[in-house]
J.: 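Please see the structure below; I have some questions.
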Amino acid sequence: MELYKENQLKIYNSLSKTKEVFTPITEGRVGMYVCGPTVYSNVHLGNLRTFMSFDMIFRYLLHLGYKVRYVRNITDAGHLESDADEGEDKIAKKARLEEIEPMEVVQRYTVNFHEVTKKYNFLPPSIEPTATGHIVEQIEMIKEIIEKGLAYEVNGSVYFDVLKYSENNHYGILSGRNIEDAIHNTRALDGQSEKRNPQDFALWKKADERHIMQWPSPWSDGFPGWHLECSVMSSKYLGEQFDIHGGGMDLKFPHHECEIAQSHSCSGVQPVNYWLHANMLLLNGQKMAKSTGNNILPEEILTGENKILSKAFGVGVVRFFIMQAHYRSILDFSDEALLASEKGFHKLMEAMEVLKELKVAKTSTFNVTDWKNKCYQAMNDDFNTPILIANLFEAVKFINQIKDDKASITATDLELLQNALHVFVFDVLALVNDAKEQSSDKLEGAVELLIKLRKEARENKDWALSDQIRDELADIGIQLKDGREGTTFSVN
RNA sequence: GACAAGAUGGCUGAAAGGUGAAGGUAACGGACUGCAAAUCCGUUUUUUAUGAGUUCGAAUCUCAUUCUUGUCUCCA
């Protein structure tokens with residue numbers, strides 16, 4: 001029997017602002033759309049946190065036995081710069097500055113994005129569509145919205161008529177914004193804009209001659225508005241109504257609000273059942289953003305090449321650090337916090353190694369079944385990974401106690417424990433034991449030899465030599481650990 | 001100015017009315033050890049930004065104040 005049948009998953013829905021029992025439209029199947037990166041620069045750690053949160057959610061849904069179609073787009077066109085109506089396409093602007101082709105920029109940063117997600121042990125999405133690959137569909141959707149009377153053309157550009165839409169629909173349903181108030185406050189000032197109303201947003205923008213990225217359309221040679229691509233691609237691959245739509249908190253308004261308006265205009269139904277928003281990662285108390293320069297790149301953490309870091313950190317440490325906070329909470333990034341996570345992460349990984357060689361007994365002094373249920377309860381409660389991790393450390397303590405003969409476990413329980421830990425640590429949280437990967441048979445042989453030499457030195461009470469071996473190994477990141485059964489080592 | 005989220009111990013971060021406020025990290029003491037580290041045991045904030053209120057009972061609900069973050073708008 002599939003696990004989802006015995007686990008009642010609850011998800012916090014941004015639309016209703018409450019935790020709701022998750023019931024997919026089609027039993028056993030989940031359609032999930034997540035707003036992907038805009039590929040005009042390298043993804044920073046803040047971007048990565050959002051995608052990592054949804055990677056974890058994707059993984060847990062898969063673990064529960066759902067067949068998931070996970071669509072995460074690549075925005076490679078149409079992202080209007082800032083909030084300025086006369087803004088140019090972000091991709092095109094970067095291209096002009098660097099004097100290269102727009103698609104070259106797109107290619108470079110798409111490759112970078114894929115490299116980073118691979119390094120950080122992300123599962124690839126089922127479909128990764130691009131905006132430029134769906135210009136035809138976007139034009140079709142604009143036509144449809146115009147036909148419904150909810151968009152209008154001015155000088156070759158097409159705008160969504162928010163006022164008209166809100167006559168019969170609730171614009172602001174997701175973000176909690178009140179459109180009447182907004183219009184009231186801004187009615188006095190009109191002028192240079194060609195829009196009927198300041199709240200209207202572009203579906204199609206006419207491009208000027210210097211604008212490199214442009215496509216023909218019935219209205220002008222131009223490019224699509226940013227919000228349109230997600231409406232088009234989600235409905236194309238997941239249908240007019242689908243289960244989960246995710247993205248960063250900062251996309252709630254206007255992006256997701258506009259998306260709902262566009263999709264709803266065409267289909268007449270609410271496009272998404274569960275809206276999920278991952279919270280921001282803060283650096284120096286500020287949102288990380290490429291536009292302000294307040295950011296750190298995922299690659300820089302792995303090499304330590306950033307002024308706020310005291311050293312390099314592994315992929316597993318970063319994932320662990322991020323998973324220690326709930327995805328809906330703001331998370332503060334700092335060197336100190338990462339150092340603390342590293343210690344905890346190594347402790348967990350050590351226990352995973354110890355787990356492989358535990359001796360079994362006739363009785364268990366720990367209720368493994370109860371413990372496992374607690375882990376599932378944590379995940380079923382809106383993917384509460386911090387609680388899950390707290391539970392994992394309960395198991396770590398137990399494992400170490402067994403090693404010290406202060407606790408015992410039966411063969412059946414041991415298997416249960418091993419399987420459950422493997423699922424949560426490696427399948428769901430997708431932690432990577434970096435240290436273990438750095439180690440090799442040859443290294444192991446060499447260190448074992450040094451351990452043997454040190455043992456002889458200690459037997460001869462040659463403390464100087466034994467400490468030299470220990471300390472110099474420690475300097476290069478190999479830690480010796482003297483236990484009752486002899487000396488073992490770990491690579492940090 | 002509007003809307004939204006939040007303010008928890010040295011750091012990080014859970015817990016959404018019910019006895020001792022999770023977990024990681026840090027610090028201190030003990031066991032172990034030649035000494036450390038690792039591991040195990042114990043201790044550390046009488047307390048949840050501040051001030052009121054509701055309640056038999058609040059970190060959790062209400063109000064006010066201060067501050068932080070995000071988004072929008074306006075101005076430039």
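A note on names: the letters A, B, ... follow the listed sequences, proteins ahead of strands, and every chain is numbered from 1.
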J.: For L251(A) and C3(B), give me the distance from atom CG to atom P, rounded to whole Å.
T.: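 The distance from CG of L251(A) to P of C3(B) comes to 22 Å, rounded to the nearest Å.
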J.: On a whole-Å scale, what distance lies between the C1' atoms belonging to A21(B) and G13(B)?
T.: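 A21(B) and G13(B) have their C1' atoms separated by 13 Å.
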J.: Take atom P in U66(B) and the same atom in G51(B), then report the distance between them in whole Å.
T.: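 Per the computed distance, 15 Å lies between those P atoms.
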J.: Just the rounded figure in Å: distance from P of G23(B) to CZ of F320(A).
T.: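 Rounded to whole Å, this separation is 13 Å.
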J.: Within 45° of the ring axis of F313(A) and under 6.0 Å from its six-membered ring centre, is that where the NZ or CZ of K311(A) lies?
T.: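 Yes - K311(A) lies over the ring of F313(A), closer than 6.0 Å to its centre and within 45° of its axis.
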J.: Can you spot which of R458(A), R470(A), K455(A) makes a salt bridge (charged side-chain N to carboxylate O under 4.0 Å, His left out) with D482(A)?
T.: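 Only one of R458(A), R470(A), K455(A) forms a salt bridge (charged side-chain N to carboxylate O under 4.0 Å, His left out) with D482(A), namely R458(A).
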J.: Indicate yes or no: at least one non-hydrogen side-chain atom of Y109(A) is less than 4.5 angstrom from one of D76(A).
T.: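 Y109(A) does not reach D76(A) side chain to side chain.
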J.: What is the distance from CG of N279(A) to P of A7(B), rounded to the nearest Å?
T.: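 The answer, rounded to whole Å, is 11 Å.
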J.: Is S329(A) near enough to A5(B) that one of its side-chain N or O atoms lies under 4.0 angstrom from OP1 or OP2?
T.: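 Result: no.
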J.: Between U68(B) atom C1' and L331(A) atom CG, what is the distance in whole Å?
T.: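 The distance from CG of L331(A) to C1' of U68(B) comes to 15 Å, rounded to the nearest Å.
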J.: Could you check whether any side-chain heavy atom of Y159(A) comes within less than 4.5 Å of a side-chain heavy atom of Q199(A), counting everything from C-beta outward?
T.: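 A side-chain contact under 4.5 Å is absent here.
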J.: If you look at every strand shown and take non-hydrogen atoms under 4.0 Å, does Q324(A) touch a base, only sugar-phosphate, or nothing?
T.: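 Base contact.
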J.: I want to check something: taking the side chain as every heavy atom from C-beta on, are Q270(A) and I260(A) in contact at a cut-off of under 4.5 Å?
T.: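 Sidechains of I260(A) and Q270(A): in contact.
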J.: I'd like the P distance from A22(B) over to C56(B), given in whole Å.
T.: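 Taking atom P in both C56(B) and A22(B), they lie 27 Å apart.
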J.: Provide the Watson-Crick or G-U wobble partner of U19(B), both distances under 3.5 Å; none if there is no partner.
T.: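 The base-pairing partner of U19(B), which may sit in any strand shown, does not exist here.
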J.: Paired with A2(B): which nucleotide, if any, by Watson-Crick or G-U wobble criteria at under 3.5 Å for both distances?
T.: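 Matched A2(B) with U71(B) under the 3.5 Å cut-off.
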J.: Which nucleotide, in any strand shown, forms a Watson-Crick or G-U wobble pair with C11(B), with both distances under 3.5 Å?
T.: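 Pair assignment: C11(B) / G24(B).
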J.: Checking base pairs now: Watson-Crick or wobble, both atom distances under 3.5 Å. What partners U47(B)?
T.: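 Answer to the pairing question: none, since U47(B) forms no Watson-Crick or G-U pair.
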J.: Between G13(B), G70(B), U71(B), spot the one nearest the side chain of M280(A), thanks.
T.: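 Among G13(B), G70(B), U71(B), the one nearest the side chain of M280(A) is G70(B).
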J.: So, using side chain to side chain contact (heavy atoms under 4.5 Å, CB included) as the criterion, who are the partners of T363(A) when residues are at least two apart?
T.: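 Per chain and number, T363(A) pairs via side chain to side chain contact (heavy atoms under 4.5 Å, CB included) with S408(A).
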J.: Please classify the nucleic acid contact of Q286(A) as base, sugar-phosphate, or nothing, using heavy-atom distances under 4.0 Å.
T.: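 The answer is sugar-phosphate, as Q286(A) gets under 4.0 Å only of primed atoms, P, OP1 or OP2.
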J.: Mind calculating the distance between OH (Y327(A)) and P (G13(B)) to the nearest angstrom?
T.: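 Computing the Y327(A):OH to G13(B):P distance gives 17 Å.
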J.: RNA chain B: N391(A) or D250(A), which has the more 5' nearest nucleotide?
T.: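 Of the two residues, N391(A) wins.
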J.: Using the P atom as the point on both nucleotides, what is the distance between U39(B) and G23(B), in whole Å?
T.: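 Rounded to whole Å, the distance is 16 Å.
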J.: Find the distance D405(A):CG to C40(B):P and express it as a whole number of Å.
T.: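 Checked: the CG to P distance equals 14 Å.
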J.: Can you tell me, in whole Å, how much space there is between the C1' of A14(B) and that of A59(B)?
T.: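 Those two atoms are separated by 12 Å.
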J.: Any base atoms under 4.0 Å from D471(A), or only sugar-phosphate, or nothing? Heavy atoms, all strands.
T.: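 Since no nucleic acid heavy atom lies under 4.0 Å of D471(A), the category is nothing.
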J.: Strictly by Watson-Crick or wobble contacts shorter than 3.5 Å, is anything paired with A59(B), and which nucleotide is it?
T.: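 A59(B) is unpaired by these criteria.
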J.: Side chain of N400(A) only, please: which of C40(B), G13(B), G23(B) is the nearest?
T.: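 Nucleotide nearest to N400(A)'s side chain: C40(B).
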J.: Using the C1' atom as the point on both nucleotides, what is the distance between C67(B) and A27(B), in whole Å?
T.: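 That atom pair is separated by 30 Å.
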J.: Could you verify whether a donor N or O on one side chain and an acceptor N or O on the other, from D200(A) and Y152(A), lie under 3.5 Å apart?
T.: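 Yes, because at least one side-chain N or O of D200(A) sits under 3.5 Å from a partner of the opposite role on Y152(A).
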J.: Using atom P in both nucleotides, what's the gap between G6(B) and C63(B) to the nearest angstrom?
T.: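 So the two P atoms sit 14 Å from each other.
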J.: For a quick check, with a 4.0 angstrom heavy-atom cut-off, what is the B/S/- contact string for nucleotides 25-37 of chain B, read 5' to 3'?
T.: SS-------BBBB
J.: Quick one: which of G70(B), U12(B), U71(B) gets closest to the side chain of F253(A)?
T.: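 Output: U71(B).
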J.: Provide, to the nearest angstrom, the distance between the CE atom belonging to M288(A) and the P atom belonging to U69(B).
T.: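 Answer to the nearest Å: 15 Å.
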J.: Starting at CZ of F345(A) and ending at C1' of G23(B), how long is that distance when rounded to a whole Å?
T.: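 Roughly 16 Å, once rounded to whole Å.
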J.: Nearest to the side chain of K287(A), heavy atoms from C-beta on, is which of A14(B), A4(B), U71(B)?
T.: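 Nearest to the side-chain atoms of K287(A), counting from C-beta on, is U71(B).
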J.: Check whether F54(A) forms a cation-pi arrangement with R72(A) (NZ or CZ under 6.0 Å from the six-membered ring centre, at most 45° off the ring normal).
T.: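 No, R72(A) and F54(A) do not form such a contact.
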J.: In Watson-Crick or G-U wobble terms, both distances under 3.5 Å, what is the partner of A31(B)?
T.: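 Base-paired to U39(B).
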J.: Where the side chain of P386(A) is defined as all heavy atoms beyond and including C-beta, which of G13(B), C40(B), G70(B) is the nearest nucleotide?
T.: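 Side chain of P386(A) sits closest to G13(B).
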J.: Under 30°, 30 to 60°, or over 60°: which ring-plane class applies to F321(A) and F333(A), parallel, tilted or perpendicular?
T.: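 Correct class here is perpendicular.
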J.: U62(B) and G18(B): how far apart are their P atoms, nearest whole angstrom?
T.: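 That atom pair is separated by 16 Å.
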J.: Less than 4.0 Å between a side-chain N and a carboxylate O, is that true for K374(A) and D370(A)?
T.: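 No, no charged N to carboxylate O under 4.0 Å.
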J.: For C41(B), does either OP1 or OP2 sit under 4.0 Å from a side-chain N or O belonging to Q401(A)?
T.: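 For Q401(A), the contact criterion (side-chain N or O under 4.0 Å from OP1 or OP2 of C41(B)) is met.
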J.: For T488(A), answer base if it contacts any base atom (sugar-phosphate contacts may also be present), sugar-phosphate if it contacts only those atoms, and nothing otherwise; contact means non-hydrogen atoms under 4.0 Å.
T.: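 The answer is nothing, as T488(A) stays clear of every strand by at least 4.0 Å.
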